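Note that the structure is a prediction, hence the values are computed from the model and not measured. Labels below follow one simple rule: chain letters A, B, ... track the order of the sequence lines, proteins then strands, and each chain is numbered from 1.
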2 protein chains.
Amino acid sequence: MRENANTRTRIQDVALELFTEQGYEATSLREIAERLGVTKAALYYHFKTKEDIVISMVESRIAAMDELIAWGESQPRTPETRREYVRRYAADLQHGRHHEMMRFFERNQTAMRTNPAGEKMRERMMAMLDILTDKDAPLADQLKGSLAIFAIHATWFVFRQPDVTDEQRQQAGLQVALELIGD
Amino acid sequence: MRENANTRTRIQDVALELFTEQGYEATSLREIAERLGVTKAALYYHFKTKEDIVISMVESRIAAMDELIAWGESQPRTPETRREYVRRYAADLQHGRHHEMMRFFERNQTAMRTNPAGEKMRERMMAMLDILTDKDAPLADQLKGSLAIFAIHATWFVFRQPDVTDEQRQQAGLQVALELIGD
DNA sequence: GTCTATAGGAGGATAGAC
DNA sequence: GTCTATCCTCCTATAGAC
């Protein structure tokens, strides 16, 4: 079970990387298995289907988002709540494989269209948006709410310089996101 | 050739729609053919390969971008140039299938990774970014440049209300983009 | 827990008739 | 220009040995 847990995690790691780089559909189980030095059949011992690999990966991310959303919904709808929400979201993405997961979803929106994990994720993104913007706010403000979230995600992949630290990334993303939701 | 041009265009239209909604890899040629009431083999009369369909669609978009980029590069690197650039870009996307094309690329980045059309498109996006932001500008400003472009694209799909006019969309996207690049 | 072998199907692409 | 028929490859998934 030590071995079990280990291989399971390694499969998830490799899958996440390949799914993000090449796309979910474009990545075959053979490819993942080869990268790990095992056969396809071995993967099926750990996961029932290909879809299952994604579902298993997304769980901890969904849990973290649920916690954050619950917090947001329990707070008064004030500017300060929104600011704090953005700060917490940015901090949240620093842990585990969380920002990698969000990138995976961003790059596989279409493939996740019919996937249960994708449905859950879309639901959460909507809930987050509801915390950041009113549904009857001006269009520009609604757009800014979406961009604020996107800014924090983009933090992890837009910069072209190789020498940017995680510290600097997070700081830049957070600053822009905060400006977008109105200071 | 009248028929020819017509069928060719219809294939492109259906392909663009399905590739965007379901994803490039998830859409089979059989599916496109069925939607048009023809067989797969008929598609192969009009296009050499599946990849070829994408390449053919992207041409007019690339041409428009090249024109815009050439204009940008011929102007002084001033704030007013950047503002005008953003305005022209927003107006540009109103024509033909242009914003649909950008949405297609956004949702199929991974699939377009190894596609010649994808390579061209990435190159142009980089060139646009270079016009909007300096490479040695603060990280936050670089991020804002990317977000400005994204804001204009997002204009066409983020709003949840069904009664938003194209006029209103464009206006909101443009306003936010202009704020992002500093008024 | 991992392997070999294989079923079963779908996809892209082509040949050749009409 | 479009069709029928078919090829070939690759994929997901399973059966059963070790």
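- Between B/Lys40 and B/Leu29, the closest heavy-atom pair is CG-C, 3.8 Å.
- Going from atom CG of A/Leu43 over to atom P of C/dC3 covers 9 Å, rounded to whole Å.
- Here the C1' atom of nucleotide D/dA13 and the OH atom of A/Tyr44 are 5 Å apart, to the nearest Å.
- Between D/dT2 and B/Thr7, a contact under 4.0 Å exists linking OP1 or OP2 to a side-chain N or O.
- Of the candidates C/dT14, D/dC3, D/dG1, the closest approach to any side-chain atom of B/His46 belongs to D/dG1.
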Solution key, residues 154-164 of chain A side-chain donor-acceptor pairs under 3.5 Å, sequence neighbours excluded:
{"unit_1": "A/Thr155", "atom_1": "OG1", "unit_2": "A/Ala151", "atom_2": "O", "d": "3.0"}
{"unit_1": "A/Thr155", "atom_1": "OG1", "unit_2": "A/Ile152", "atom_2": "O", "d": "3.4"}
{"unit_1": "A/Arg160", "atom_1": "NH1", "unit_2": "B/Asp130", "atom_2": "OD1", "d": "3.2"}
{"unit_1": "A/Gln161", "atom_1": "NE2", "unit_2": "B/Lys135", "atom_2": "O", "d": "3.2"}

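- Side-chain contact annotation: A/Glu179 with A/Gln175, donor-acceptor N/O pair under 3.5 Å present.
- Qualifying side chain to side chain donor-acceptor pair (under 3.5 Å) partners for B/Arg30, counting only residues two or more places apart in sequence or in other chains: B/Glu34.
- By the salt bridge (Lys or Arg N to Asp or Glu O under 4.0 Å) test, A/Arg10 pairs with no residue at all, sequence neighbours left out.
- What separates CD of B/Glu34 from P of C/dG11 is a distance of 10 Å, to the nearest Å.
- With respect to A/Glu84 and A/Arg87, a salt bridge is recorded, a charged nitrogen being found less than 4.0 Å from a carboxylate O.
- A pairwise comparison of heavy atoms in B/Ala90 and B/Leu174 identifies CB-CD1, 4.0 Å as the closest pair.
- Proximity of residues 107-114 of chain A to DNA chain D (heavy atom under 4.0 angstrom from any strand atom) is not detected for any residue.
- Looking at B/Asn108, its side chain does come within 3.5 Å of a backbone N or O of B/Phe104 through a donor-acceptor pair.
- By the salt bridge (Lys or Arg N to Asp or Glu O under 4.0 Å) test, B/Arg113 is found to be paired with no residue, residues two or more places apart in sequence or in another chain being considered.
- Sorted by first and then second residue, the side-chain hydrogen bond (donor to acceptor under 3.5 Å, both in side chains) pairs involving residues 18-29 of chain B (not counting sequence neighbours) are B/Gln22-B/Thr27, B/Gln22-B/Glu31.
- Taking the salt bridge (Lys or Arg N to Asp or Glu O under 4.0 Å) definition, one finds that B/Glu73 meets it with nothing, sequence neighbours left out.
- For the helix from C/dG1-D/dC18 to C/dC18-D/dG1, the rotation axes defined at the first and last 5 base pairs enclose an angle of 0°, given to the nearest 10°.
- Residue B/Glu51 contributes atom CD, which lies 19 Å from atom P of C/dG11 at whole-angstrom precision.
- Here B/Thr39 does not reach the OP1 or OP2 of D/dT2: none of its side-chain N or O atoms lies under 4.0 Å away.
- Protein atom CZ of B/Phe47 is 15 Å distant from nucleotide atom P of C/dG12, rounded to whole Å.
- Using a cut-off of 4.0 Å between Lys/Arg side-chain N and Asp/Glu carboxylate O, B/Glu123 and B/Lys120 are scored as not salt-bridged.
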Every protein N/O within reach of nucleotides 9-11 of chain D N/O, cut-off under 3.5 Å:
{"unit_1": "D/dC11", "atom_1": "OP1", "unit_2": "A/Ser28", "atom_2": "OG", "d": "3.3"}
{"unit_1": "D/dC11", "atom_1": "OP1", "unit_2": "A/Arg30", "atom_2": "NH2", "d": "3.4"}
{"unit_1": "D/dC11", "atom_1": "OP2", "unit_2": "A/Arg30", "atom_2": "NE", "d": "3.1"}

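- The nearest whole Å value for the distance from the CD1 atom in B/Ile32 to the C1' atom in C/dG11 is 12 Å.
- When the side chain to side chain donor-acceptor pair (under 3.5 Å) test is applied to A/Tyr89, the partners found at least two apart in sequence or on another chain are A/His153.
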Protein-nucleotides 16-18 of chain C N/O pairs closer than 3.5 Å?
none

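- The salt bridge (Lys or Arg N to Asp or Glu O under 4.0 Å) check on A/Arg97 picks up A/Asp13, with sequence neighbours excluded.
- With rounding to whole Å, B/Asp52 atom CG is found 14 Å from C/dG12 atom P.
- Remark: P of D/dT2 and CG of B/Leu36 are 10 Å apart, rounded to the nearest angstrom.
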